[in-house]
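Okay, structure first, notes after.
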There are 2 protein chains.
Amino acid sequence: MEALQAHLSVTRRKHAAGQYLFRAGQAFRALHLVHAGTYKTCELADDGREKVTAFKMRGELVGAESIGLDTHACDAIALEDSETWELPYPAVMKAAAQLPWLQAQIHAALAAEIRCDRNWMLLLATLAAEPRVAAFLMHMAAKQARLGYSARHFILRMSRLDIASFLAIKHETVSRALSHLADLNYISVQRREVRVLDEDGLRGMATA
Amino acid sequence: MEALQAHLSVTRRKHAAGQYLFRAGQAFRALHLVHAGTYKTCELADDGREKVTAFKMRGELVGAESIGLDTHACDAIALEDSETWELPYPAVMKAAAQLPWLQAQIHAALAAEIRCDRNWMLLLATLAAEPRVAAFLMHMAAKQARLGYSARHFILRMSRLDIASFLAIKHETVSRALSHLADLNYISVQRREVRVLDEDGLRGMATA
DNA sequence: CGAAAGATTGAGGTGTATCAAGATCAGTGG
DNA sequence: CCACTGATCTTGATACACCTCAATCTTTCG
């Protein structure tokens with residue numbers, strides 16, 4: 001995905017914490033590749049119900065779910081000062097028509113998105129609150145590691161409320177789960193700073 | 001999607017009720033367009049946890065989530081005697097490279113899959129058991145209508161257990177919810193046969 | 001027909017939501 | 001710099017929706 005600049009014009013966009021990358025209903029014109037920082041995407045219902053559906057970091061694509069629509073299907077919001085590369089969708093399509101590897105990459109990225117969502121669906125459907133939180137922490141740790149940071153010590157960029165929404169529980173429950181995981185000495189938490197003390201313990205909690 | 005036969009070889013495959021279209025771990029070689037009947041897809045975890053992630057009927061694509069992988073990421077099972085058109089994936093890719101409209105269709109289909117999953121995630125995260133069941137019935141009714149059948153009277157092709165798994169509740173809870181919706185005279189149910197008596201009532205239940 | 005699978009209904013237990021009160025932190029303006 | 005304000009987080013007590021366990025009934029299929 002990183003060799004794209006050679007084939008199409010890429011615009012850098014910076015977003016302050018809390019700023020919208022796009023809102024549901026706005027015209028869909030481009031995909032966004034996260035270059036720095038963290039974003040969340042929020043699914044919205046007509047009646048006001050909403051849920052955080054994903055957290056996106058460097059190398060991940062935002063906005064793909066709106067392909068084929070005129071307007072965006074969800075909100076995307078920066079959780080900290082962040083930056084994306086904007087990839088105009090028509091240009092991407094044109095480039096993909098010329099470059100089989102790019103087409104394969106796009107298909108693969110969309111399919112991976114589906115698999116990721118379904119993994120979370122499975123997890124939310126089959127695990128209780130505390131295991132969900134444990135799995136979430138493991139997942140965040142893995143993401144950190146993939147980006148070259150420590151999987152043992154990291155900062156959660158999202159609020160308890162965001163985590164709660166993502167995990168389909170209440171924020172009080174997230175708080176309690178974190179406190180309990182700390183009591184068990186699997187982690188230490190201070191506000192948004194997390195330290196993983198016992199990875200095996202966490203893993204055990206996340207699958208049982 | 002129906003003009004595909006002109007551009008690539010399509011194999012018809014029949015499946016008896018309960019038969020696997022593919023299993024997780026089997027080689028991924030083709031997409032499958034449902035031509036008749038109903039299939040379910042099941043996401044599996046290493047430790048045995050599983051969840052029904054989708055029900056697919058005529059015109060819907062099965063297997064897209066495994067694009068980019070060597071092997072299938074989930075199970076797909078026929079719920080009744082059914083038939084698919086098998087679309088060899090390499091051939092699809094080749095055709096898409098020549099036909100921009102096909103490429104756009106594929107992107108759109110994958111994106112639509114993501115949006116559909118996220119709608120269910122939102123629903124499961126924000127609604128209680130009974131509204132989930134009501135929403136599920138409305139959804140099934142809409143699917144029936146789209147295929148030209150009655151949205152007022154239809155047969156559920158899946159068991160209570162399948163519905164329960166899909167909605168992330170227990171099958172007893174599904175049963176009770178259905179009974180209660182019948183008590184309210186929103187529907188009538190006998191086993192898998194459903195009649196919608198009060199669509200507005202159902203809709204109200206599904207969003208509150 | 002008999003056996004197994006699926007569906008319904010009841011009674012009781014439990015995990016999480018709800019409601020509420022403090023504590024801690026971040027940002028603002030005096 | 002500090003007081004002030006609002007947002008975020010933590011913790012407790014209670015309520016209730018759903019799960020669990022169990023029995024019964026119906027349908028399906030060999």
Side-chain angles (χ1 to χ4, degrees), chain A residues 16-19 38 40 49 51-52 77-81 123-137 155-184 187-194 205 208, chain B residues 16-19 38 40 49 51-52 77-81 123-137 155-184 187-195 205-206 208:
Chain A
Q19 207 179 339
T38 314
K40 66 173 175 181
R49 283 157 31 230
K51 178 185 186 290
V52 175
I77 302 163
L79 293 177
E80 57 181 321
D81 291 356
L123 200 141
L124 299 187
T126 54
L127 295 184
E130 197 164 286
R132 288 185 205 185
V133 174
F136 178 75
L137 291 176
I155 309 290
L156 295 171
R157 298 301 175 172
M158 68 292 295
S159 69
R160 298 288 190 266
L161 229 99
D162 286 333
I163 299 174
S165 173
F166 182 68
L167 295 179
I169 49 183
K170 297 295 148 183
H171 72 276
E172 295 96 325
T173 306
V174 174
S175 221
R176 279 185 246 270
L178 287 171
S179 297
H180 189 229
L181 291 174
D183 286 347
L184 294 170
I187 61 171
S188 76
V189 210
Q190 280 161 77
R191 216 71 178 172
R192 297 191 182 183
E193 183 180 4
V194 175
M205 175 106 299
Chain B
Q19 208 179 336
T38 314
K40 66 174 176 182
R49 284 157 30 230
K51 179 185 185 290
V52 174
I77 302 162
L79 293 177
E80 58 182 321
D81 291 356
L123 200 140
L124 298 187
T126 54
L127 296 183
E130 197 164 285
R132 288 185 205 185
V133 173
F136 177 75
L137 291 177
I155 308 291
L156 295 171
R157 299 301 174 172
M158 67 292 293
S159 69
R160 297 287 189 266
L161 232 102
D162 286 334
I163 299 173
S165 173
F166 183 68
L167 295 179
I169 49 183
K170 298 294 147 182
H171 72 275
E172 295 96 326
T173 306
V174 173
S175 222
R176 279 186 247 270
L178 287 171
S179 297
H180 188 228
L181 290 174
D183 285 348
L184 294 170
I187 61 171
S188 75
V189 209
Q190 281 161 81
R191 215 71 177 172
R192 297 192 182 183
E193 183 180 4
V194 175
R195 225 173 270 275
M205 174 106 299

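Since this is a predicted model, take the numbers as computed values, not measurements. All chains are named by letter (A, B, ...) in the order of the sequence lines, taking the proteins before the strands, and each is independently numbered beginning at 1.
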Taking any atom under 4.0 angstrom from a heavy atom of chain A, which nucleotides of DNA chain C are the first and last to qualify, 5' to 3'?
C:dT16 to C:dC25

With rounding to the nearest 0.5 Å, note down the distance linking CD in A:E130 to CD1 in A:I169.
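Taking CD in A:E130 and CD1 in A:I169, the distance rounds to 9.5 Å.
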
Approximate separation, where rounding is to 0.5 Å, of B:L137 CG and B:M205 CE:
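Reported value, rounded in 0.5 Å steps: 12.0 Å.
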
Does A:R132 reach a base, just sugar-phosphate, or nothing at all? Heavy atoms under 4.0 Å.
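Since no nucleic acid heavy atom lies under 4.0 Å of A:R132, the category is nothing.
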
Under 4.0 Å between any heavy atoms, over every strand shown, what does B:R191 touch: base, sugar-phosphate, or nothing? Just pick one.
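Result for B:R191 = base.
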
[Y] backbone acceptor or donor facing [X] side chain under 3.5 Å:
X: A:R160; Y: A:R191; value: yes
X: B:T38; Y: B:L79; value: no
X: A:D81; Y: A:A17; value: yes
X: A:R132; Y: A:L124; value: yes

Provide the start and end nucleotides, 5' to 3', of the part of DNA chain D that has atoms under 4.0 Å from heavy atoms of chain B.
D:dC18 to D:dT27

Which residues pass the side-chain contact (heavy atoms from CB on, under 4.5 Å) test with A:A182, sequence neighbours left out?
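Only A:I187, A:V189 meet the side-chain contact (heavy atoms from CB on, under 4.5 Å) criterion with A:A182.
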
Using side-chain hydrogen bond (donor to acceptor under 3.5 Å, both in side chains) as the criterion, list what pairs up with B:S175, not counting sequence neighbours.
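For B:S175 there are no side-chain hydrogen bond (donor to acceptor under 3.5 Å, both in side chains) partners, ignoring immediate neighbours.
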
Partner residues of A:K51 under the side-chain hydrogen bond (donor to acceptor under 3.5 Å, both in side chains) criterion, sequence neighbours left out
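If we apply the side-chain hydrogen bond (donor to acceptor under 3.5 Å, both in side chains) test to A:K51, skipping adjacent residues, there are no hits.
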
Of A:E130 and B:V189, the one whose closest nucleotide on DNA chain C sits nearer the 5' end is B:V189

With A:R157, the side-chain contact (heavy atoms from CB on, under 4.5 Å) member among A:K40, A:E80, A:R192:
A:E80

Under a 4.0 Å heavy-atom cutoff, the residues of residues 167-178 of chain A touching DNA chain D are A:H171, A:E172, A:S175, A:R176

